[in-house]
Protein chains: 4
Amino acid sequence: MRDKLLEAAGFTFSKFGYYKTSMEDIAEKAQKSKGSLYYHFGSKELLFEAVVFEELKRLTNALKPIFDKTDLDSRQVLKLYMLKRMEVLRNAPNYQETLRPSFYEHYTFLDQIKTQITEWEVMQISKLLKQGLMKEELELPGDITVYAQVLVMLLQGLEPNFYLKGEYDRLESYFDNLIQIITKGISK
Amino acid sequence: MRDKLLEAAGFTFSKFGYYKTSMEDIAEKAQKSKGSLYYHFGSKELLFEAVVFEELKRLTNALKPIFDKTDLDSRQVLKLYMLKRMEVLRNAPNYQETLRPSFYEHYTFLDQIKTQITEWEVMQISKLLKQGLMKEELELPGDITVYAQVLVMLLQGLEPNFYLKGEYDRLESYFDNLIQIITKGISK
Amino acid sequence: MRDKLLEAAGFTFSKFGYYKTSMEDIAEKAQKSKGSLYYHFGSKELLFEAVVFEELKRLTNALKPIFDKTDLDSRQVLKLYMLKRMEVLRNAPNYQETLRPSFYEHYTFLDQIKTQITEWEVMQISKLLKQGLMKEELELPGDITVYAQVLVMLLQGLEPNFYLKGEYDRLESYFDNLIQIITKGISK
Amino acid sequence: MRDKLLEAAGFTFSKFGYYKTSMEDIAEKAQKSKGSLYYHFGSKELLFEAVVFEELKRLTNALKPIFDKTDLDSRQVLKLYMLKRMEVLRNAPNYQETLRPSFYEHYTFLDQIKTQITEWEVMQISKLLKQGLMKEELELPGDITVYAQVLVMLLQGLEPNFYLKGEYDRLESYFDNLIQIITKGISK
DNA sequence: GATGAATGAGTTTTCATTCAT
DNA sequence: TATGAATGAAAACTCATTCAT
């Protein structure tokens with residue numbers, strides 16, 4: 001039951017956004033009563049938190065295995081990572097909603113989660129870049145962590161553009177060009 | 001008077017976001033009546049549209065002169081463009097909100113404006129890249145317009161990250177690294 | 001100028017009704033400013049009063065001559081009167097608006113005018129019926145004034161039905177049947 | 001609860017009219033919250049529609065039995081019908097408002113209901129007149145349906161006059177005279 | 001666990017009216 | 001005379017939340 005509600009909430013939030021989605025909308029989508037939403041989640045904010053939390057769990061679970069492929073060329077791994085990331089987030093649209101600064105003000109919980117994930121990503125990318133440097137596949141003057149942060153930021157930044165309704169397929173091909181530029185930009 | 005209202009609206013929208021800002025809030029900030037907002041702008045949507053339109057006018061006004069510097073290295077111009085763009089949009093926080101998927105879904109009234117500006121940017125960048133190719137400063141296999149679109153998308157995508165309250169200064173230095181990667185990524 | 005405003009007001013009130021018509025609507029229709037409406041008429045209520053007053057003036061002016069045709073058969077005069085009345089009121093649509101009980105509560109001025117006109121009509125019809133009785137054209141057991149009042153009330157009652165947009169032409173033919181029934185109903 | 005709201009709405013609408021009645025007024029009368037009005041009826045328009053619908057249901061329920069009295073003289077039945085109709089509608093003041101031209105113009109949501117009832121009435125009267133013709137009680141040259149329509153229109157038209165606050169009792173006696181005229185007017 | 005009903009605070013919007021120019 | 005701007009009170013409506021059953 002909880003799952004059914006969570007799914008309906010995820011779908012509806014991603015379709016209309018946090019503010020334009022009413023508890024009524026979600027209850028209707030789930031074919032359940034508004035009351036049950038409150039029974040299971042307590043409030044609209046907590047329901048949204050649960051939705052986002054679920055999506056982020058999927059994100060990290062999907063990305064973890066990629067960084068274990070230490071045998072591949074680091075540029076290759078980076079490419080795989082970028083593609084996988086886009087793919088997973090395509091199915092985690094509510095995470096997007098939290099990107100807005102003003103949203104944070106009242107949602108420190110989400111802020112914390114997001115910071116954690118970002119740090120984890122930066123760390124993984126840093127490791128990858130270091131390996132690439134050691135294997136002399138890459139050329140990165142200066143602080144590696146900064147490059148890692150730039151890359152993560154860049155990927156995070158692309159997200160909104162990618163999830164505009166129906167734009168994903170059209171933009172996917174552009175993504176190849178972007179990967180190409182970056183790969184070349186960091187190569188030795 | 002209209003300007004005073006517009007300014008108050010811009011400030012308040014950017015602080016709380018479109019949904020969390022009430023006409024009441026704006027009227028209070030402007031020290032004017034709610035009625036005058038409706039007299040001048042007709043509705044909340046149209047007021048927001050006016051705010052965003054104002055911000056984007058500033059963007060194009062600031063960027064135009066840069067593309068006229070045809071004597072510089074194309075990579076140099078691109079760099080100037082990217083820096084100026086970030087700087088201007090730093091003060092165009094409401095434009096940001098319109099990029100969010102959930103906003104996009106429900107408020108199509110800004111589509112025209114946004115599409116126009118994006119197209120203008122892509123065209124300018126395309127020209128620039130073409131010049132760079134002719135001067136043999138750049139190397140870009142495939143369709144140039146796609147590269148231009150990728151670059152604009154990338155810059156648009158970075159915006160949310162850059163305008164997190166108070167984060168601009170910290171991220172500014174990262175931007176240099178990004179520019180460096182890209183510049184190298186498209187160089188011959 | 002006053003006349004131009006009055007005409008625009010009459011048109012707009014009759015189209016949307018008193019409450020659904022805003023001063024804005026009227027000003028727009030007249031291509032004048034709202035301010036001028038207040039300059040000339042003082043308030044929405046007073047403007048409406050002026051409109052109705054104008055219409056009623058036309059009504060009585062148009063009906064007066066009919067009652068002077070003492071040479072005709074009284075049933076013939078009644079028929080002429082009924083037809084003329086419908087025709088004139090077709091062009092006095094705002095008078096309709098005042099028919100509603102709740103409308104009166106705050107508009108005693110209109111109440112008075114209407115009562116006066118009704119009394120005048122009843123008196124005219126009474127005279128006519130009396131003549132008809134004397135000429136032995138009619139048969140009316142009981143108080144003649146009551147018959148006159150019934151006839152006026154009946155005609156007043158038909159008004160709303162007749163002024164439904166576009167219904168006038170369709171209903172006009174029915175009116176003939178009604179006149180026939182009544183004429184026969186009061187004939188000797 | 002719904003019924004309590006409906007009753008309060010009916011009372012208040014009939015007292016002040018549709019426009020002068022606010023949802024606040026109704027909620028106060030019912031000693032309930034505005035929210036509950038919207039929970040049960042969705043909007044002011046739909047609430048009003050429900051009120052009128054209720055009134056018209058009473059009308060048809062009261063009139064049905066009368067048309068079954070086929071043993072009586074058709075003029076007698078017509079008389080009963082007219083009297084009953086007036087009596088019932090005396091307590092259906094909100095239906096009245098919907099007959100005003102200006103109301104009609106903007107609120108088409110009641111069209112269906114009204115048209116249905118009117119058609120039902122015309123049909124019943126038509127049948128009655130036909131029976132009267134066959135029994136040679138009546139004399140009606142031309143299309144019978146038109147006579148039926150005229151009669152219904154006439155009765156509908158009288159309604160506003162009859163329901164002027166407190167005027168019913170005075171006018172009731174006039175109604176007898178009207179019935180007499182009509183009865184004679186259609187008799188053989 | 002689940003629900004339908006109810007609520008009230010807050011939001012957008014309307015509009016008659018005023019007034020300086 | 002005429003107007004554009006401004007106002008504020010009141011209106012319709014939304015919706016997260018509560019709660020008895």
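Atom set for the values below is all heavy atoms of this structure, side chains included, hydrogens, waters and symmetry mates excluded. Just so it is clear: chains get the letters A, B, ... in the order the sequence lines come, proteins before strands, and each one is counted from 1.
Rounded to whole angstrom, the span from the CE atom of D/Met23 across to the C1' atom of E/dT7 amounts to 14 Å. If you measure from atom NZ of B/Lys44 to atom P of E/dG10, you get 15 Å, rounded to the nearest angstrom. Distance NZ (D/Lys20) to C1' (E/dC15): 12 Å, rounded to an integer number of Å. Residue B/Phe16 contributes atom CZ, which lies 15 Å from atom P of E/dG10 at whole-angstrom precision.
We find that A/Lys57 and A/Glu54 are joined by a salt bridge, their nearest charged nitrogen and carboxylate oxygen being less than 4.0 Å apart.
Within residues 4-12 of chain B, no residue has any heavy atom under 4.0 Å from DNA chain F. In the region residues 35-43 of chain B, proximity to DNA chain F at under 4.0 angstrom, judged on heavy atoms, holds for B/Gly35, B/Ser36, B/Tyr39, B/His40. Near DNA chain E, meaning a heavy atom under 4.0 Å from it, residues 24-31 of chain C has no residue at all.
Rounding to the nearest 0.5 Å places CZ of C/Phe41 at 9.0 Å from OG of C/Ser36. B/Ile26 CD1 to B/Glu7 CD: the interatomic distance, rounded to the nearest 0.5 Å, is 12.5 Å.
A cation-pi contact, defined as under 6.0 Å to the ring centre and within 45° of the axis, is absent between C/Lys20 and D/Tyr19. Cation-pi geometry between A/Lys44 and A/Tyr18 is met: under 6.0 angstrom from the ring centre, within 45 degrees of the axis.
With a cutoff of under 4.0 Å to any heavy atom of chain D, the contacted region of DNA chain F is bounded 5' to 3' by F/dA11 to F/dT14.
Taking for each of C/Ser33 and B/Lys32 the nucleotide of DNA chain F with the nearest heavy atom, the 5'-most of the two is the partner of C/Ser33.
Nearest heavy atoms, B/Gly10 versus B/Val51: CA-CG1, 3.7 Å. Heavy-atom minimum distance, A/Ser43 versus A/Leu46: OG-N, 3.2 Å. Residues B/Leu47 and B/Ala9 come closest through the heavy atom pair CD1-CB, 3.8 Å. Annotation for B/Leu37 and B/Met23: closest pair CD1-O, 3.5 Å, computed over non-hydrogen atoms. Residues A/Ala8 and A/Ala30 come closest through the heavy atom pair CB-CB, 3.5 Å.
Aromatic ring pairs are classed by plane angle as parallel below 30°, tilted from 30° to 60° and perpendicular above 60°; the pair A/Phe13 and A/Phe48 is perpendicular.
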Original post:
Checking side chain to side chain contact (heavy atoms under 4.5 Å, CB included) for the pair A/Lys32/A/Met1: CA distance, chi angles, key distance, verdict?
Top reply: CA-CA 9 Å; A/Lys32 289 287 150 187; A/Met1 176 47 45; 3.5 Å; yes
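In this structure B/Glu28 satisfies the salt bridge (charged side-chain N to carboxylate O under 4.0 Å, His left out) test with no other residue, sequence neighbours excluded.
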Original post:
What pattern of brackets, bars and dots sums up DNA chain E from 5' to 3', given Watson-Crick or G-U wobble pairs under 3.5 Å, [ ] for crossing pairs and | for another strand?
Top reply: .||||||||||||||||||||
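For D/Thr21 (side chain) and D/Thr12 (main-chain N/O), a donor-acceptor pair under 3.5 Å exists by modelled atom type.
When heavy atoms are screened at a 4.0 angstrom cut-off, D/Lys34 is found touching base atoms of the nucleic acid.
Between B/Leu59 and B/Leu56, some side-chain heavy-atom pair lies under the 4.5 Å cut-off.
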